[in-house]
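In what follows, every heavy atom counts, from backbone to side chain, and hydrogens, waters and symmetry copies are set aside.
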Amino acid sequence: MNRAGFVKLAAIGFGLVVSSFVVRGVTRLIIGSELAELLQAPLIFAGFALLVYLFVRATLDAVGIWPVEESDG
């Protein structure tokens with residue numbers, strides 16, 4: 001993975017977390033609280049898992065165990 005790919009994954013992770021809150025809010029207004037939580041859950045778990053992976057990967061890069069390659073160009 002290069003640094004550009006790392007940044008793209010970080011943006012996707014934050015986007016998933018933010019979109020989960022938007023989905024919960026809109027669904028809560030239209031349908032109800034229980035269904036809103038059911039629709040929010042996969043988005044927030046996927047975003048959180050991706051951000052945890054990126055945190056671990058960045059920590060391993062800082063320690064020097066699993067480096068993230070430089071971007072070309």
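Linking ILVMFWY residues whenever their side-chain heavy atoms come closer than 4.5 Å, directly or via other members, leaves V7 and L50 in distinct clusters. In the hydrophobic clustering of ILVMFWY residues, with side-chain heavy atoms under 4.5 Å counting as a link, I31 and V23 come out together. The cluster map of Ile, Leu, Val, Met, Phe, Trp and Tyr, joined by side-chain heavy atoms under 4.5 Å apart, puts L29 and V22 in different clusters. One hydrophobic cluster holds both L43 and V26 under the rule that ILVMFWY side chains link at heavy-atom gaps under 4.5 Å.
Within a 6.0 Å radius of CZ in R57, more than 12 heavy atoms belonging to other residues, nucleotides or ligands are found. More than 12 heavy atoms of other residues, nucleotides or ligands shown are found within 6.0 angstrom of OH on Y53.
Expressed to the nearest 0.5 Å, how far CD of E37 lies from OG of S20 amounts to 12.0 Å. In this structure, the separation between CZ on R3 and NZ on K8 is 15.0 Å, given to the nearest 0.5 Å. The distance from the CG atom of L51 to the CZ atom of F14 is 5.0 Å, given to the nearest 0.5 Å.
Side-chain contact between M1 and L9 is present, with at least one heavy-atom pair separated by less than 4.5 Å.
When every heavy atom of A36 is checked against every heavy atom of R24, the shortest pair comes out as CB-O, 3.6 Å. Scanning all heavy atoms of the two residues, the minimum distance from F21 to I44 falls at CZ-CD1, 3.8 Å. Nearest heavy-atom pair, G5 versus N2, reported as atom, atom and distance to 0.1 Å: N-OD1, 2.8 Å. Of all the heavy atoms in V68 and D61, the pair that sits closest is N-OD1, 3.0 Å.
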